[in-house]
Amino acid sequence: MPPLRTALAFQAALDTPLSELYAGTYESIAKQVAARGQSLAVKIQTRSVKRGQSLIAYKLQWLAEHCIPQALRKN
């Protein structure tokens, strides 16, 4: 794997997103992100703390909208 500056230079020179230039690596990482997001969602849901329920709901909503769908779309 090239250093970040080199990878970004490839992106600029080829006008191609890094996720396409390193598709295999990106897909692997996207799957890991989805799995960790789902694991975190389960962990948050199983908490029995009554305080902060609105914050828990907010965290779950954010995960559902940002983390998990993005990773799954790329699969």
Side-chain angles (χ1 to χ4, degrees):
M1 295 298 293
L4 179 59
R5 292 182 63 86
T6 302
L8 290 173
F10 290 158
Q11 177 176 315
L14 300 172
D15 194 28
T16 304
L18 288 175
S19 60
E20 290 181 26
L21 292 172
Y22 301 97
T25 301
Y26 178 82
E27 290 170 6
S28 173
I29 291 170
K31 286 178 184 177
Q32 291 173 7
V33 168
R36 291 182 73 186
Q38 289 171 342
S39 175
L40 180 57
V42 168
K43 191 175 188 178
I44 290 171
Q45 287 175 333
T46 58
R47 292 173 106 183
S48 61
V49 178
K50 291 184 180 179
R51 241 177 44 163
Q53 288 298 317
S54 61
L55 182 57
I56 291 171
Y58 172 79
K59 289 176 182 180
L60 289 170
Q61 183 67 32
W62 189 91
L63 280 169
E65 291 175 358
H66 295 91
C67 184
I68 297 168
Q70 285 183 7
L72 294 177
R73 273 196 301 257
K74 298 294 181 178
N75 291 338

Using the side-chain contact (heavy atoms from CB on, under 4.5 Å) criterion, which residues pair with [X]? Sequence neighbours excluded.
{"X": "S39", "value": "none"}
{"X": "A7", "value": "P2, L18, Y22"}
{"X": "L4", "value": "L8"}

Review point. Considering all heavy atoms of both residues, which atom of T16 and which atom of L21 are nearest to each other, and what is their separation?
Key: O-CD1, 3.6 Å
Point to revise | In one Ile/Leu/Val/Met/Phe/Trp/Tyr side-chain cluster, 4.5 Å: M1, L14 | key: yes
Revision key, fill the gap. Value for CD1 (I29) from CZ (R36), rounded to nearest 0.5 Å, stands at 11.5 Å
